[in-house]
A.B. asks: 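Take this structure, written in structure tokens, and hold onto it; I'll ask about it next.
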Amino acid sequence: MVWPGEQESRRLTVARSRGNPQVVVLDLVGELDDGTVLLLAREVALVLDRESAPETVVVDLTAVRSVSASGLRALHAAHAHATGKGIGFRLVVRENSRPASVLDATKLRAVLDVYPSRAAALAAGDRGRFVREMRALWT
């Protein structure tokens, strides 16, 4: 069964939750690859492109079994889209998991905002806030 705020394919399920009005969490379960990246892209676009966009989007990959190159490109594009709008974009990746190995092998962990748990991602401050405040002072 697909609940409101959930999108499903045969290999990936994306559930959206918003307990805090400033944060949206996208829970992914399954495989993030060529056949499922559009599901992630649609959910991210629905969250970011509305008037009441959150301050932060957290994408929880702890239940993702595999991530392909197209999945990495989709995560990187979602990150760029969010940060371009001034919205934080965080990933939750379980250590020693397949997604963690892929992020490490491609060096994307250094580019993306990655946390070992949902609690850590939710508790983290906004890394981009300082940069935005400094830009505002100088422009």
Side-chain angles (χ1 to χ4, degrees):
M1 171 179 251
V2 179
W3 299 95
E6 250 181 70
Q7 294 291 324
E8 183 174 353
S9 78
R10 295 181 84 181
R11 291 180 292 113
L12 181 71
T13 301
V14 180
R16 184 177 351 131
S17 63
R18 190 175 192 161
N20 173 341
Q22 302 305 319
V23 178
V24 170
V25 177
L26 298 176
D27 281 301
L28 279 62
V29 177
E31 303 167 13
L32 186 57
D33 57 26
D34 294 348
T36 61
V37 293
L38 290 179
L39 189 59
L40 171 65
R42 180 176 45 224
E43 284 299 306
V44 170
L46 286 171
V47 170
L48 297 179
D49 294 335
R50 60 182 174 193
E51 268 186 49
S52 62
E55 288 181 11
T56 305
V57 174
V58 175
V59 178
D60 192 333
L61 301 175
T62 55
V64 169
R65 295 182 299 273
S66 64
V67 178
S68 71
S70 60
L72 289 176
R73 282 191 299 274
L75 290 169
H76 190 259
H79 174 266
H81 185 62
T83 56
K85 290 178 162 274
I87 298 170
F89 189 86
R90 301 174 184 158
L91 297 179
V92 179
V93 178
R94 195 171 21 92
E95 291 302 321
N96 301 317
S97 66
R98 191 77 167 142
S101 299
V102 172
L103 286 173
D104 290 338
T106 59
K107 308 293 187 222
L108 273 175
R109 186 184 291 267
V111 175
L112 303 174
D113 202 5
V114 181
Y115 297 85
S117 69
R118 182 183 298 206
L122 293 173
D126 182 0
R127 288 185 178 184
R129 175 177 269 157
F130 176 77
V131 173
R132 287 191 304 273
E133 289 175 358
M134 291 299 107
R135 278 190 190 141
L137 288 174
W138 295 102
T139 56

A.B. asks: Just to verify, what does Asp60 make a side-chain hydrogen bond (donor to acceptor under 3.5 Å, both in side chains) with, not counting sequence neighbours?
C.D. replies: Thr62, Arg118
A.B. asks: In chain order, what residues pass the salt bridge (Lys or Arg N to Asp or Glu O under 4.0 Å) check against Asp33, with sequence neighbours excluded?
C.D. replies: Arg11
A.B. asks: Please enumerate all residues that pass side chain to side chain contact (heavy atoms under 4.5 Å, CB included) together with Arg98, with sequence neighbours excluded.
C.D. replies: none
A.B. asks: In chain order, what residues pass the salt bridge (Lys or Arg N to Asp or Glu O under 4.0 Å) check against Arg73, with sequence neighbours excluded?
C.D. replies: none
A.B. asks: Going by side chain to side chain contact (heavy atoms under 4.5 Å, CB included), name the residues that satisfy it together with Ala120, two or more places apart in sequence or in a different chain.
C.D. replies: Tyr115, Pro116, Ser117
A.B. asks: Identify the heavy atoms of Ala74 and Leu40 that sit nearest to each other, and give their distance.
C.D. replies: CB-CD2, 4.2 Å
A.B. asks: Looking at every non-hydrogen atom in both residues, tell me the closest pair between Arg50 and Val24 and how far apart they are.
C.D. replies: NH2-CG2, 3.6 Å
A.B. asks: Evaluate Arg16 against Leu46 for side-chain contact (heavy atoms from CB on, under 4.5 Å), listing each step before the verdict.
C.D. replies: CA-CA 10 Å; Arg16 184 177 351 131; Leu46 286 171; 3.8 Å; yes
A.B. asks: Quick one: CG on Leu103 to CG on Leu112, what's the gap to the nearest 0.5 Å?
C.D. replies: 6.5 Å
A.B. asks: For Val92, what are the other residues in its hydrophobic cluster, where any two members join if their side-chain heavy atoms are less than 4.5 angstrom apart?
C.D. replies: Val23, Val25, Val58, Leu122
A.B. asks: Using side-chain hydrogen bond (donor to acceptor under 3.5 Å, both in side chains) as the criterion, list what pairs up with Ser70, not counting sequence neighbours.
C.D. replies: Asp34, Ser68
A.B. asks: Applying side-chain hydrogen bond (donor to acceptor under 3.5 Å, both in side chains), name anything that partners His81, two or more places apart in sequence or on another chain.
C.D. replies: Asp49
A.B. asks: Quick one: list whatever passes side chain to side chain contact (heavy atoms under 4.5 Å, CB included) with Leu38, sequence neighbours left out.
C.D. replies: none
A.B. asks: Closest approach of Pro54 and Gln22, non-hydrogen atoms and distance?
C.D. replies: CB-O, 3.3 Å
A.B. asks: I'd like to know if Leu48 and Val37 are part of one continuous hydrophobic network [Ile/Leu/Val/Met/Phe/Trp/Tyr, side-chain heavy atoms within less than 4.5 Å].
C.D. replies: yes
A.B. asks: Is there a side-chain contact (heavy atoms from CB on, under 4.5 Å) between Val59 and Phe89? Walk through the geometry before answering.
C.D. replies: CA-CA 8 Å; Val59 178; Phe89 189 86; 3.5 Å; yes
A.B. asks: Got a sec, which residues hit side-chain hydrogen bond (donor to acceptor under 3.5 Å, both in side chains) with Ser97, two or more places apart in sequence or on another chain?
C.D. replies: none
A.B. asks: Are Val102 and Val29 linked, directly or through other ILVMFWY residues, by side chains that come within less than 4.5 angstrom of each other?
C.D. replies: no
A.B. asks: How far apart are the closest heavy atoms of Ala80 and Thr83, and which atoms are they?
C.D. replies: O-OG1, 3.3 Å
A.B. asks: Nearest heavy-atom pair of Val64 and Leu32: which atoms, and what distance?
C.D. replies: CG1-N, 4.3 Å
A.B. asks: Would Leu61 and Leu75 satisfy side-chain contact (heavy atoms from CB on, under 4.5 Å), going step by step from the backbone distance to the final call?
C.D. replies: CA-CA 11 Å; Leu61 301 175; Leu75 290 169; 3.9 Å; yes
